[in-house]
Amino acid sequence: MDKWFLIYSSQSFAQASIIKGMLEQNNVPVTLINKQDSSYLNFGEIELYVPTHLKDLATNLMNQVLRN
């Protein structure tokens with residue numbers, strides 16, 4: 001099994017979802033883990049993980065989205 005690399009972390013579920021969707025559209029497998037508190041959404045992070053061997057590709061794609 002591939003090792004996974006933390007590519008992105010945010011408190012914004014919407015922003016994490018946009019990046020996740022963009023990565024999936026570019027055939028990069030991505031796992032979203034929501035570590036936010038269920039009662040207080042300002043505590044905790046949403047984390048996106050990609051397979052380690054695709055981290056450079058995912059980083060480049062993500063940087064293109066974040067620049068816009």
Side-chain angles (χ1 to χ4, degrees):
M1 181 167 172
D2 288 334
K3 298 204 182 226
W4 293 80
F5 179 80
L6 176 63
I7 191 93
Y8 183 76
S9 181
S10 174
Q11 288 187 337
S12 170
F13 187 82
Q15 192 169 17
S17 294
I18 289 168
I19 292 171
K20 180 180 185 283
M22 180 274 308
L23 290 171
E24 289 174 337
Q25 285 179 345
N26 286 280
N27 299 314
V28 176
V30 60
T31 298
L32 182 146
I33 298 178
N34 187 344
K35 293 186 175 181
Q36 285 187 327
D37 185 285
S38 60
S39 298
Y40 302 98
L41 297 179
N42 57 338
F43 295 113
E45 299 281 323
I46 293 111
E47 299 177 343
L48 296 179
Y49 291 86
V50 297
T52 301
H53 70 281
L54 295 174
K55 72 179 181 178
D56 293 333
L57 172 63
T59 300
N60 290 336
L61 292 168
M62 186 179 66
N63 287 337
Q64 289 176 6
V65 169
L66 294 176
R67 273 188 243 136
N68 293 332

Closest non-hydrogen atoms of Gln15 and Ser10, given as atom of the first, atom of the second and distance, are OE1-OG, 4.1 Å
Show the nearest heavy-atom pair for residues Met62 and Ile19, with the distance to one decimal.
CG-CG2, 3.9 Å
Distance from Trp4 atom CH2 to Ile33 atom CD1, nearest 0.5 Å?
9.5 Å
Shortest non-hydrogen contact from Gly44 toward Gln11
O-CG, 3.3 Å
To the nearest 0.5 Å, tell me how far Phe13 CZ sits from Ile18 CD1.
11.0 Å
Identify the two heavy atoms, one from Ile7 and one from Lys55, that lie closest to each other, and give their separation to 0.1 Å.
CD1-O, 3.7 Å
Straight-line distance of Ser12 OG to Glu45 CD, nearest 0.5 Å:
10.5 Å
Please answer whether the main-chain N or O of Val28 pairs with a side-chain N or O of Asn26 as donor and acceptor at a distance below 3.5 Å.
no
Heavy-atom closest pair, residues Pro51 and Pro29:
CD-O, 3.3 Å
Between NZ on residue Lys3 and OG1 on residue Thr52, distance to nearest 0.5 Å
8.0 Å
All heavy atoms of Ala16 vs all of Leu32, minimum pair found to be CB-CD1, 4.4 Å
Here the gap from Leu54 atom CG to Asn60 atom CG, rounded to the nearest 0.5 Å, amounts to 11.5 Å
Looking at OG1 of Thr31 and CG of Leu6, how far apart are the two atoms once the value is rounded to the nearest 0.5 Å?
11.5 Å
Can you tell if the side chain of Asn63 reaches within under 4.5 Å of the side chain of Arg67, non-hydrogen atoms only?
yes
